[in-house]
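Read through the structure below, which is laid out as structure tokens, and then see the notes.
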Number of protein chains: 2
Amino acid sequence: MDSPMNSTIETLLSHRSIRSFTEQNITAEQLETILDCGLAASSSTFIQCVSIIRIQQKDSRAKLARYAGGQSYVESCAEFLVFCVDYHRHQDIHPQAQLGFTEQTLIGSVDAAMMAQNCLAAAESLGLGGVYIGGLRNNPQQVTELLALPKHVIPLFGLCLGHPAQNPEVKPRLPKSIVVHQEQYTALDKDVLARYDDQIKNYYATRTDNKKSGAWSDQITKILSKEARPFMQEFLQDQGFNTK
Amino acid sequence: MDSPMNSTIETLLSHRSIRSFTEQNITAEQLETILDCGLAASSSTFIQCVSIIRIQQKDSRAKLARYAGGQSYVESCAEFLVFCVDYHRHQDIHPQAQLGFTEQTLIGSVDAAMMAQNCLAAAESLGLGGVYIGGLRNNPQQVTELLALPKHVIPLFGLCLGHPAQNPEVKPRLPKSIVVHQEQYTALDKDVLARYDDQIKNYYATRTDNKKSGAWSDQITKILSKEARPFMQEFLQDQGFNTK
């Protein structure tokens, strides 16, 4: 039997991050629809603990591009949205709210990511493109000050959206046989991994933009040679997320 | 100008959680496509730290339904997928990997949620329905044992998928004027919140299935009267996520 196909599946399967945009705006109607799709996502126990900060001012965009480690497309995209985990409104409604750390962080991250992914899928279905900016967490304190985030709010990631000025190839993902397990966890198949590493090496060597070399395993080894953003725990504590 | 509309946007906007399923299977081809759409989602620095465990065995389903607090649709759905944050394969590739706690948890939760949301959107585009099962985190240790998850893997949530045997109304979300802020964070507008509370009260009182009473603010107050799953931090530590 053939694989099922429709325009939603086609949109999802053809995702690639877009980092170069034309100067064309996203219309107010498009943005409203994109945000409506985001808000329609599921929320854990309907807690609705996400806020989106829409940034249009040029000087704020320039600062955020710098805080994110010099990602110029934060400035050049048509719309830039910062997705935040937000328990401030809950504390406002219920000042005695018993908030914690780990579970609160998990719920907020999951809710924010689902909302954002709906926004991106909706945008891509309209012919737009985008890229997530986790680099905002390189300088979470500065982002927090710029956006005037109160206690119990943390900036999780940004999302650049706009009209694509590039058409990069879809990047091959880890094979399903590695990611999807049946009934119980199965150990990593090193032969399958080796073939995937070759595939990624070939992808980087032959792609149109931003050629580079190396297998996925090499990238992972490099990325994890030091702990990522070890300051995040203290930042969350400063924002009122209490570890006990 | 009219709001833009297409079948992807229509799918995303009409999402509601489905908890009652017919006995009809999801075909192998449908499942493959749903999983392919999940894998196509973005991954932070391409770290690919998510595993999905597909559960078919009846006794495992029954146990997971119980661990999740007695959610019978974990047993009755056509497919049940458990989304896990997985750094085990990274540690396998690079035994000296410097993993942390907070940032690692954030990245893993975001990546897993984006992957899952793509799966759900793809499923819904095929006329299927589903519901997320965060309740697996009520008993994370038992879930971990059942699924034989090694160190550096945590079960984040489940996803029930199947053919809907119910047609619930879409639940009204917090108004965009509360969730979306311009340039900087703005305080909660209590008048807008009061109108939303009335809207939710009315929704619960008039919906077809599972009538209940109360405003959103009342729900939040109840949910946050005690800390959610305070054992999660220790569980993550037991799984090798190191707080310093």
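Worth knowing before you read on, the calculation uses all heavy atoms, side chains too, and leaves out hydrogens, waters and symmetry mates. Lettering follows sequence order; numbering is per chain, from 1.
- With a 4.5 angstrom heavy-atom cutoff, A/Val50 touches chain B only via backbone atoms.
- No part of B/Val131 comes within reach of chain A, as not one of its non-hydrogen atoms sits under 4.5 angstrom from that chain.
- Between chain A and the residues B/Lys190, B/Glu183, B/Lys226, the most heavy-atom pairs under 4.5 angstrom are made by B/Glu183.
- Of the atoms belonging to B/Leu193, it is side-chain heavy atoms, and not backbone ones, that fall under 4.5 Å from chain A.
- Proximity to chain A (any heavy atom under 4.5 Å) is shown, for B/Glu234, by neither the backbone nor the side chain.
- No other option in B/Val170, B/Thr105, B/Ile178 has as many heavy-atom pairs under 4.5 Å with chain A as B/Ile178.
- In terms of non-hydrogen atom pairs under 4.5 Å with chain B, the most contact-rich of A/Gly38, A/Ala116, A/Ala112, A/Pro150 is A/Pro150.
- Residue B/Ser60 touches chain A through its side chain alone, counting heavy-atom pairs closer than 4.5 Å.
- At a 4.5 Å heavy-atom cutoff, the contact between B/Asn6 and chain A is made by side-chain atoms alone.
- Of the atoms belonging to B/Leu39, heavy atoms from both backbone and side chain fall under 4.5 Å from chain A.
- Both the backbone and the side chain of B/Phe46 come within less than 4.5 Å of a heavy atom of chain A.
- Comparing A/Gly134, A/Ser217, A/Ser42, A/Ser44 by how many heavy-atom pairs each has under 4.5 Å with chain B, the most go to A/Ser42.
- With a 4.5 angstrom heavy-atom cutoff, B/Ile223 touches chain A only via side-chain atoms.
- Listed options A/His88, A/Gln104, A/Gln219 were ranked by heavy-atom pairs under 4.5 angstrom with chain B; first place goes to A/His88.
- Contact of A/Leu149 with chain B is made through backbone and side chain together, with heavy-atom distances under 4.5 Å.
- Neither the backbone nor the side chain of B/Ile133 comes within contact range of chain A; no heavy atom of the residue lies under 4.5 Å from a heavy atom of that chain.
- In this structure, the portion of B/Arg137 lying under 4.5 Å from any heavy atom of chain A is its side chain and not its backbone.
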